[in-house]
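Each remark here refers to the structure printed beneath this line.
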There are 2 protein chains.
Amino acid sequence: MASTIQDVAKAAGVSAATVSRVFNGGRVTAERAERVRRAAAELGFAPNRVARSLRTQRASVIGLLIPDIENPFFTAMARGVEDAAQQTNLSVVLCNTDEDVDKERRYLEVALAEQMAGVIVAAASRERTDLSLLEARGMPVVAVDRRPRGSNVDVVLVDNAHGSEDATAHMLARGYRRIACITGPQGASTSEERLAGYRTAIGDFLRAHPDRAGEYPVDPVTEWTRFADFKVEGGHKAMADLLARPERPDAVFVANNLMAVGALRALREAGLNAPEFGILSFGEVPWAPMVSPSLTTVQLPSYDLGWTAASLLQDRMSGKDRPLQTVVLRTALQVRDSTSGPGA
Amino acid sequence: MASTIQDVAKAAGVSAATVSRVFNGGRVTAERAERVRRAAAELGFAPNRVARSLRTQRASVIGLLIPDIENPFFTAMARGVEDAAQQTNLSVVLCNTDEDVDKERRYLEVALAEQMAGVIVAAASRERTDLSLLEARGMPVVAVDRRPRGSNVDVVLVDNAHGSEDATAHMLARGYRRIACITGPQGASTSEERLAGYRTAIGDFLRAHPDRAGEYPVDPVTEWTRFADFKVEGGHKAMADLLARPERPDAVFVANNLMAVGALRALREAGLNAPEFGILSFGEVPWAPMVSPSLTTVQLPSYDLGWTAASLLQDRMSGKDRPLQTVVLRTALQVRDSTSGPGA
DNA sequence: TTCCGCAGTGAAATCGATTTCATGCCAGGG
DNA sequence: CCCTGGCATGAAATCGATTTCACTGCGGAA
């Protein structure tokens, strides 16, 4: 069953070289090419990609490393990568690193050893993810969502700061004043950027309305900020903690979707409801339109993130020697009912 | 940078064969082995898997083909596969077939051409997915969730009929009587099995309470059944349609999670709420505990499905010649508030 | 002491495709 | 008529690891 190029060559009465040329665009007379094609079809011949890769030193497969396959953000991204790759007949293989740097390193080694054509990586850690091996071997790499420290690769990022600022400004415009913020771990770039956007919006507002500053018994920018872990439980705890303070906030900006789930539960447990208590999630939640009231979210361009990364990778792969790029994609605020305003 | 086995051999002053033996458990004197290991470490040598695969005709990678990467059911399954594979140092690459038989075939060809060690496939179509190519080449294959027609492979399935029967019986026990059913496309095995389970439960109940039959103006088993498409919109439409009937049901059993979302929306639009109107989803919904009232669901053993499939595959790969197996895994009913009963 | 057998080793074959290189052939120009 | 150039072609080298095979010593048995 397993037919090789030699079998086809023999069946068609030509040499293996000729068969190879037929399939790879070499010069072959029409008559012979036809004979080869017929013989190949007859034998059900498909070139052995392993042998091909060994010889050409490259594959028609690209690797996509993501930290959490159960997170819709990354799966949507994967879809974007896939769709872009389809255009040039590349196959995408997905590796789940599980936020684990060791597992990630193993997969990077696999990518290298399998001679993959390139890799797109949403790094498990900004600090400890090490892409230098791939760079040293000249493998095309694009980082997405997070920029690993000290690596010289193309990067595609989300405009976290802008999206957060925008979202916070929206809540202020709707009349919320005592807006808290639950962000991710200290040190993570995404947490910091989202927090920074929130602070910018608050700062701008206070500057524009200096008279209002007196309404706040404490400095909201520091007192009402909580660092959590981007997980459901962390969001729950942070929210409960905020609600226990003597100066209770009247709204909360939550820096990712999972923590928003936790925060929502904490609110319900405290007998609070949106939109009297405003809540906004950075990052889409699949069921956002379903809960009552429907949840206002910052939509991340996850699909486009993937698409863009794949395009950059293919540019790189085709040998174009252009300077390193960093592409930043904007978010979109999806206004729903959970931020209609405290009096609504 | 790219060091080969030859480089290591030269550096250690031995032959390539010896280096290979050091890494693959051949007999080598301790002293030489040590020299080789040191030289390899020095050069950062890692064997080229492509070359290895070409020679050994097998890889240390298994393929996992799933129809929809954005469906949590499949991602949980993927996790199960991964965890089981880790144990024997196999890497898993994930391919998203997008419910598209052509795309699926391409990935199957990739698996073949890349000489993957084996494949686990959640078939895009029960009728048109063709595994015979892989079988012919002797590649180990395990089918999961759906059994492709006419293929001789190990299969891991969910006990759809039992789960549905159980779920429907639960609703009857809670006092719902006019229970409708929204299932998937006619002909799909999962739809049919889930429908069958529902019908069994209803039939058993009517037999046990013949006096009750008079309460029903129509034959519920046929009149209150709707075939939809396993998608949100289909569920919405089917539910709206059921509610428009003169004999309105008082509960609904929905055969998958996405359609349950649609059905919920239709209920809300009609001003109906659980648990007065009972609703139960076959298949977990990530936000099931979050909606009010929380949604009763049938939990699918998705993780275990993956784990079991990977174990079977590894058995097969290790050359054990045992008869074909079909493993059926039970579901678990997660009772929540949406089925507390019509009077609750 | 002489064999026998086995452990350790390296040279070379092997996997299947691609690609280089040398060759044969034909057409067209001088 | 001969030479040049280009095209089509097949033989052979190549990619890098594994594995077979033949050979060398060495230790134990006869």
Side-chain angles (χ1 to χ4, degrees), chain A residues 1-37 39-40 43-61 109-117 137-139, chain B residues 1-37 39-40 43-61 109-117 137-139:
Chain A
M1 252 300 111
S3 58
T4 74
I5 202 173
Q6 304 288 346
D7 303 332
V8 176
K10 196 179 299 174
V14 300
S15 74
T18 301
V19 178
S20 172
R21 280 190 273 259
V22 169
F23 286 101
N24 298 293
R27 327 192 64 87
V28 181
T29 53
E31 185 262 337
R32 281 168 162 251
E34 185 46 36
R35 245 178 32 229
V36 168
R37 257 187 283 272
L43 294 171
F45 167 77
N48 180 324
R49 291 206 199 195
V50 176
R52 168 182 284 172
S53 296
L54 177 58
R55 179 63 231 228
T56 62
Q57 305 288 14
R58 74 201 129 82
S60 57
V61 172
E109 280 163 11
V110 168
L112 215 45
E114 297 278 356
Q115 314 274 113
M116 287 184 185
R137 298 247 206 149
M139 174 167 291
Chain B
M1 249 302 110
S3 58
T4 75
I5 202 174
Q6 304 291 344
D7 302 334
V8 177
K10 196 180 301 174
V14 300
S15 74
T18 300
V19 178
S20 172
R21 280 190 272 258
V22 169
F23 287 101
N24 297 293
R27 324 192 67 86
V28 181
T29 52
E31 185 262 337
R32 284 172 161 248
E34 185 47 35
R35 247 180 27 233
V36 167
R37 257 186 283 274
L43 295 171
F45 168 77
N48 180 325
R49 290 207 201 192
V50 176
R52 167 182 286 172
S53 297
L54 177 59
R55 177 64 228 230
T56 61
Q57 306 289 10
R58 73 199 129 82
S60 55
V61 172
E109 281 164 11
V110 168
L112 214 46
E114 297 277 355
Q115 313 275 114
M116 287 183 184
R137 299 246 206 149
M139 175 168 290

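Reminder, nothing fancy here: chain letters follow the sequence lines and each chain counts from 1.
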Using whole Å, what does the distance between atom [atom2] of nucleotide [N] and atom [atom1] of [X] come to?
X	N	atom1	atom2	value
B:Q6	D:dT18	CD	P	11 Å
B:E31	C:dT9	CD	P	9 Å
A:N48	C:dC15	CG	C1'	8 Å
B:I5	C:dA12	CD1	P	17 Å
B:F45	D:dG16	CZ	C1'	9 Å
B:L43	D:dG16	CG	P	14 Å
B:R55	C:dA12	CZ	P	16 Å
A:R35	D:dA8	CZ	P	15 Å

(request) For the residue pair B:N48 and B:T4, establish whether any side-chain heavy-atom pair is separated by less than 4.5 Å. (result)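 B:N48 does not reach B:T4 side chain to side chain.
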
(message) Any non-hydrogen side-chain atom of B:V22 less than 4.5 Å from a side-chain atom of B:V19?
(response)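 Side chain of B:V22 against side chain of B:V19, heavy atoms only: no contact under 4.5 Å found.
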
Tell me whether the OP1 or OP2 atom of [N] has a side-chain N or O from [X] closer than 4.0 Å.
X	N	result
B:S20	D:dT18	yes
B:N24	D:dT18	yes
B:R32	C:dG8	no
A:Q57	D:dG16	yes
B:R27	C:dA7	no
A:T29	D:dT9	yes
A:S15	D:dG10	yes

When you measure from the side chain of [X], which nucleotide among [options] comes out closest?
X	options	answer
A:T18	C:dT18, D:dT9, D:dG16	D:dT9
A:A17	C:dT19, C:dT18, C:dT14	C:dT19
B:R21	D:dT20, C:dG16, D:dA17	D:dT20
B:A51	D:dA17, D:dG10, C:dG8	D:dA17

(message) To the nearest 0.5 Å, what is the distance between CD on B:E34 and CZ on B:R32?
(response)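 Those atoms lie 13.5 Å apart.
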
(message) Would you compute the distance between atom CZ of A:R49 and atom CZ of A:R52 and round it to the nearest 0.5 angstrom?
(response)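 Interatomic distance, A:R49 CZ to A:R52 CZ, rounded to 0.5 Å: 7.5 Å.
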
Quick one: label [X] by what it contacts on the DNA or RNA (base, sugar-phosphate, nothing), any heavy atom closer than 4.0 Å.
X	result
B:V14	sugar-phosphate
B:V28	sugar-phosphate
A:F23	nothing
A:R49	nothing

(request) Confirm from the modelled atom types if A:R52 and C:dT18 form a donor-acceptor pair under 3.5 Å, side chain to base only. (result)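 For A:R52, whose side chain was compared with the base of C:dT18, there is no donor-acceptor pair (under 3.5 Å).
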
(request) Could you tell me which non-hydrogen atom of B:V28 sits nearest to which non-hydrogen atom of B:A33, and how far apart they are? (result)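 So the two residues come closest at CG1-N, 3.8 Å.
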
(message) How close do A:A11 and A:L43 get, counting heavy atoms only, and between which atoms?
(response)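 For A:A11 and A:L43, the tightest heavy-atom pair comes out as CB-CD1, 4.2 Å.
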
